[in-house]
Novice: 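Here's a structure for you.
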Amino acid sequence: MVGIPGVGKTTLLLKMKEIIQNHLKTVSVISFGTLMFDVARENGLSDRDGLRKLPVSEQQNLQKIAAEKIALQKSDVVIIDTHAFISSPEGYYPGLPEHVLKIIGPTNFVSVSAKPEEIYNRRMRDDTRSRDKITLANIKKELDVQSGMISACAVLSGAPVKHILNGEGKIDEAVDKIIKAIGM
Ligand code: ATP
Ligand code: MG
């Protein structure tokens with residue numbers, strides 16, 4: 001599952017996890033960024049939001065290590081909470097580059113979006129994170145980049161992409177659509 005920051009991935013996944021467990025399947029929800037941060041922390045990084053400021057080559061190495069850990073997961077359903085791209089000083093770079101897709105072997109992609117104004121407000125409400133400067137124009141740009149990046153993932157891996165709108169106050173509706181899309 002991919003989506004730009006504040007679109008609601010983690011919120012949706014919390015509900016999805018419950019529903020999949022009710023279907024008597026084992027499920028792991030893995031935050032790709034958290035896995036990368038765990039590895040980075042062993043090497044001295046202290047701030048989670050500092051991850052995206054590391055040199056891209058270092059982030060790429062962390063991506064590979066995280067992907068290898070994910071590939072070892074044995075649950076019936078493994079869901080990865082991640083970003084289609086990461087903004088870095090060098091530009092946008094892919095969250096799921098070809099070498100990572102080869103290691104993970106995803107069956108489905110879910111690309112979450114919402115109205116730019118809603119994403120803006122959700123980011124402003126959430127003060128647990130240290131976010132980059134937020135503008136509406138930038139959120140619109142990010143939604144465009146997300147769409148291109150996830151299409152590339154589909155072409156590289158052959159897996160389908162479901163686009164989901166996480167409308168304001170409509171978490172259950174979005175969750176239902178995702179559950180149906182992944183055939184649960
Ligand atoms: P990040 O990539 O930064 O981890 P995220 O995509 O996981 O972001 P969340 O943390 O799940 O985003 O959600 C951001 C905020 O938006 C939270 O405060 C959450 O409660 C709120 N939110 C999520 N979905 C909805 C919705 N459908 N309606 C209203 N608020 C929502
Ligand atoms: Mg999240």
Side-chain angles (χ1 to χ4, degrees), residues 1-20 27-41 45-54 56 59 62-63 66-67 69-70 73 77-88 92-97 100 104 106 108-136 138-150 153 161-182:
M1 176 180 291
V2 301
I4 64 174
V7 78
K9 300 176 295 299
T10 306
T11 307
L12 295 173
L13 281 171
L14 214 65
K15 292 229 160 178
M16 279 175 62
K17 190 172 180 180
E18 220 175 279
I19 293 173
I20 296 169
V27 52
S28 306
V29 175
I30 299 165
S31 161
F32 203 102
T34 302
L35 261 190
M36 284 174 64
F37 178 51
D38 287 345
V39 178
R41 203 161 36 184
L45 190 79
S46 58
D47 164 25
R48 192 186 195 283
D49 288 298
L51 253 189
R52 65 180 181 278
K53 292 176 183 128
L54 292 174
V56 169
Q59 295 189 50
L62 291 167
Q63 276 182 317
K69 291 191 181 199
I70 291 170
Q73 285 286 330
V77 183
V78 179
I79 307 177
I80 306 169
D81 177 344
T82 191
H83 299 107
F85 67 91
I86 294 91
S87 295
S88 84
Y92 299 116
Y93 83 92
L96 298 166
V100 165
I104 297 174
N108 298 77
F109 295 104
V110 175
S111 178
V112 183
S113 66
K115 285 188 187 153
E117 296 76 12
E118 291 172 357
I119 298 172
Y120 181 90
N121 289 330
R122 289 174 199 170
R123 285 188 193 176
M124 297 304 275
R125 275 204 303 266
D126 178 5
D127 51 15
T128 65
R129 304 293 300 273
S130 119
R131 308 251 186 222
D132 293 331
K133 188 168 140 284
I134 306 168
T135 67
L136 214 47
N138 200 41
I139 289 174
K140 285 181 183 154
K141 173 76 191 161
E142 286 179 4
L143 287 171
D144 276 351
V145 176
Q146 170 172 324
S147 157
M149 288 281 187
I150 201 65
C153 290
V161 185
K162 184 76 180 175
H163 289 269
I164 295 286
L165 190 73
N166 178 26
E168 194 65 17
K170 302 213 167 137
I171 294 169
D172 289 335
E173 219 170 276
V175 166
D176 283 349
K177 283 186 186 146
I178 300 169
I179 293 281
K180 283 210 183 79
I182 61 176

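Note that ligands are numbered from 1 as they come in the structure, with each ligand's atoms numbered from 1 the same way.
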Novice: Report the part of His83 (side chain from C-beta onward, or backbone N, CA, C, O) that has a heavy atom under 4.0 Å from ligand 1; answer both or neither where that applies.
Specialist: side chain
Novice: Show which atoms of ligand 1 fall inside a sub-4.0 Å distance from at least one heavy-atom site of Gly167.
Specialist: 26 (C), 27 (N), 28 (N)
Novice: Salt bridge check: are Arg41 and Asp38 linked by an N-O gap of less than 4.0 Å?
Specialist: yes
Novice: Report yes or no: does a heavy atom of Gly33 sit under 4.0 Å from some atom of ligand 1?
Specialist: no
Novice: Is there a donor-acceptor contact under 3.5 Å from the side chain of Arg123 to the main chain of Pro5?
Specialist: yes
Novice: Mark the output for Gly6 as yes if a heavy-atom distance to ligand 1 is under 4.0 Å, and as no if none is.
Specialist: yes
Novice: If the cut-off is 4.0 Å to any non-hydrogen atom of Arg125, which atoms of ligand 1 fall inside it?
Specialist: 30 (N)
Novice: If every non-hydrogen atom of Val100 is compared with every non-hydrogen atom of Leu96, which pair is closest and at what distance?
Specialist: CG1-CD2, 4.1 Å
Novice: At the 4.0 Å heavy-atom cut-off, does Glu118 count as touching ligand 1?
Specialist: no
Novice: Check the Mg ion (ligand 2) and write out every protein N, O or S atom at under 2.8 Å, as residue and atom.
Specialist: Thr10 OG1
Novice: Does any N or O atom in Thr10 lie less than 3.5 angstrom from one in ligand 1, N or O only?
Specialist: yes
Novice: One pair to check against side chain to side chain contact (heavy atoms under 4.5 Å, CB included): Ser111 and His163. What are the steps and the verdict?
Specialist: CA-CA 5 Å; Ser111 178; His163 289 269; 3.8 Å; yes
Novice: Thr135: what forms a side chain to side chain donor-acceptor pair (under 3.5 Å) with it, not counting sequence neighbours?
Specialist: none
Novice: To the nearest 0.5 Å, what is the distance between CE (Met36) and CD1 (Ile86)?
Specialist: 6.5 Å
Novice: Is the CD atom of Glu18 crowded by more than 12 outside heavy atoms at less than 6.0 Å?
Specialist: no
Novice: Hey, is the main chain of Gly3 close enough, under 3.5 Å, to the side chain of Lys9 for a donor-acceptor pair?
Specialist: yes
Novice: Within a 6.0 Å radius of atom NZ on Lys53, are there more than 12 heavy atoms belonging to other residues, nucleotides or ligands?
Specialist: yes
Novice: Which option, Leu14, Leu13, Leu165, Thr11, owns the non-hydrogen atom nearest atom 11 (O) of ligand 1?
Specialist: Thr11
Novice: Are Asn121 and Glu168 close enough that some pair of their side-chain heavy atoms sits under 4.5 Å apart?
Specialist: no
Novice: Going by the order shown, which atoms of ligand 1 are within less than 4.0 Å of some heavy atom of Gly169?
Specialist: 26 (C), 27 (N), 28 (N), 29 (C)
